[in-house]
Amino acid sequence: MPNIIKLATWNVNSARLRLPSIERFIKEESPDVLGLQEIKCQEDQFPFEAFHALGYEHIHVAGQKGYHGAATVSKLPMTRMDTDFCPLGHARHVSSQITANKHNFEFHNFYIPAGGDVADPVVNDKFQHKLDFIAAMTNYFTQRAAKGDDRLVLVGDFNIAPGEHDVWGHKQLLKVVSHTPLEVEVLARLQNTYGFIDCSRRHIDDAEKLYSWWSYRARDVMKSNRGRRLDHIWVSPALAGAVDTLGRDGHAIHVPCRIWDKPSDHVPMTQLIDLSKI
DNA sequence: ATGGTCGACTTTCGA
């Protein structure tokens, strides 16, 4: 087992329909652990065999019929954790304790609610649900943070682009769900519980545009390039050294996946973790 | 200019 492992996250918008693309991504990038969101199937419909054939022996699925859903597939041994964040009972999260070279870390895979169209919790239940879901995460990690120096990885589709250069047009999107000041604030509050490190910005300047999602509705999606950085990989401070070994080269947002055949509207991202530094 | 497109599973919802 090498000392450097690769973690990945991808909102695939249907695990079954996207399976050929997922297989291609795995062959190109060989992640050791891959968190999937929006699998859009029940657990018994998840393509376990395809992942087993690619060496992912360990699979945790939180599925439901038709909508949402998260799954984590891993080459490394995992133990399922018992956590719950969704007030509506949606399958939007799966937490796993992972063992790598005798080191343990937790891998929390999230699909935070998108929040509907109107950025007002009074008139839009979906926006309120998004805030409630993030509040449940914040409560959980606040309690955890009081106890010690845990090795945590949080990944997934957070459905919030926090920074000015995490969207194609900051001013144009200030009232658009995913980039409102209120969402940015509650995400920062979640991040502050542990002082989570935003891996995409660890070695890339805040002024550089970074996107992980582009609407299906856009024409000439890559030419117009009206993207948002909705997907995230965060690590707790105990893993800071483990993400710094390779600097900027340790992280990647795999933009070309957006123009593969039958693409997801999100692209995957990867982060290397140097186990010798934990 | 306020559309437009996906995917699952229905005659519509969530994104």
Side-chain angles (χ1 to χ4, degrees), chain A residues 9-25 35-47 50 61-71 85-94 109-121 123-134 155-162 166-180 182-183 187 211-232 255-269:
Chain A
T9 181
W10 194 4
N11 178 324
V12 289
N13 188 14
S14 172
R16 290 173 292 175
L17 192 74
R18 211 71 60 210
L19 188 57
S21 294
I22 299 169
E23 290 174 323
R24 176 177 171 185
F25 171 69
L36 302 169
Q37 303 88 37
E38 253 195 302
I39 61 172
K40 286 188 168 175
C41 65
Q42 300 172 96
E43 180 168 359
D44 62 6
Q45 299 171 311
F46 188 80
V61 179
Q64 70 176 81
K65 185 177 180 180
Y67 300 110
H68 319 311
F85 302 98
C86 185
L88 297 180
H90 297 168
R92 293 181 175 273
H93 167 256
V94 58
N109 177 3
F110 288 103
Y111 176 43
I112 293 177
D117 290 329
V118 181
D120 180 351
V123 299
N124 175 9
D125 291 344
K126 294 194 182 81
F127 195 74
Q128 183 65 57
H129 179 227
K130 182 178 199 173
L131 298 176
D132 290 343
F133 189 101
I134 296 166
V155 308
D157 177 5
F158 292 3
N159 268 313
I160 298 174
D166 295 330
V167 294
W168 62 269
H170 172 62
K171 285 185 179 174
Q172 293 93 328
L173 292 174
L174 276 171
K175 293 182 177 176
V176 174
V177 172
S178 75
H179 192 61
T180 64
L182 176 57
E183 290 166 275
L187 189 70
Y211 312 138
S212 66
W213 173 90
W214 295 258
S215 172
Y216 279 128
R217 297 172 187 175
R219 267 186 296 110
D220 287 320
V221 59
M222 281 297 119
K223 189 179 173 190
S224 59
N225 198 25
R226 292 188 167 194
R228 307 177 201 172
R229 186 169 71 97
L230 302 180
D231 301 274
H232 300 265
V255 173
C257 298
R258 185 59 181 82
I259 53 171
W260 285 2
D261 285 341
K262 300 281 285 179
S264 171
D265 45 354
H266 296 253
V267 297
M269 62 177 64

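Lettering follows sequence order; numbering is per chain, from 1. Atom set for the values below is all heavy atoms of this structure, side chains included, hydrogens, waters and symmetry mates excluded.
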Quiz item: First and last nucleotide of DNA chain B touching chain A, 5' to 3', heavy-atom cut-off 4.0 Å?
Solution: B:dG4 to B:dA15
Self-check item: Nearest-Å distance once atom C1' is located in both B:dC9 and B:dC13
Solution: 9 Å
Quiz prompt | A:Y216 or A:S14, whichever maps to the more 5' nucleotide of DNA chain B | solution = A:Y216
Quiz prompt | Which atom of A:A91 lies closest to which atom of A:A62, heavy atoms considered | solution = CB-O, 3.4 Å
Exercise. Assess whether atom CG of A:D44 is packed by more than 12 heavy atoms of other residues, nucleotides or ligands within 6.0 Å.
Key: yes
Self-check item: Crowding at CZ, A:R226 (>12 non-hydrogen neighbours, <6.0 Å)
Solution: no
Quiz item: Which part of the nucleic acid, if any, lies within reach of A:R258 when heavy atoms closer than 4.0 Å are counted: base, sugar-phosphate only, or nothing?
Solution: nothing
Quiz item: When we call it a touch if two heavy atoms are under 4.0 Å apart, what does A:R16 touch: a base, just sugar-phosphate, or nothing?
Solution: sugar-phosphate
Quiz prompt | A:H90 vs A:K262, nearer the 5' end of DNA chain B by closest nucleotide | solution = A:K262
Quiz item: B:dG7 and B:dA1: how far apart are their C1' atoms, nearest whole angstrom?
Solution: 27 Å
Practice problem: Mark yes when over 12 heavy atoms from residues, nucleotides or ligands other than A:D125 sit less than 6.0 Å from its CG; otherwise mark no. | Solution: no
Exercise. Please state whether the rings of A:W10 and A:W260 are parallel, tilted or perpendicular, taking 30° and 60° as the class boundaries.
Key: perpendicular
Quiz item: Which of these passes side chain to side chain contact (heavy atoms under 4.5 Å, CB included) with A:Q128: A:P121, A:P113, A:P87?
Solution: A:P121
Practice problem: Quote, to the nearest angstrom, the P distance that separates B:dC6 from B:dT10. | Solution: 22 Å
Practice problem: For nucleotides B:dA8 and B:dG4, find the distance between their P atoms and express it as a whole number of Å. | Solution: 22 Å
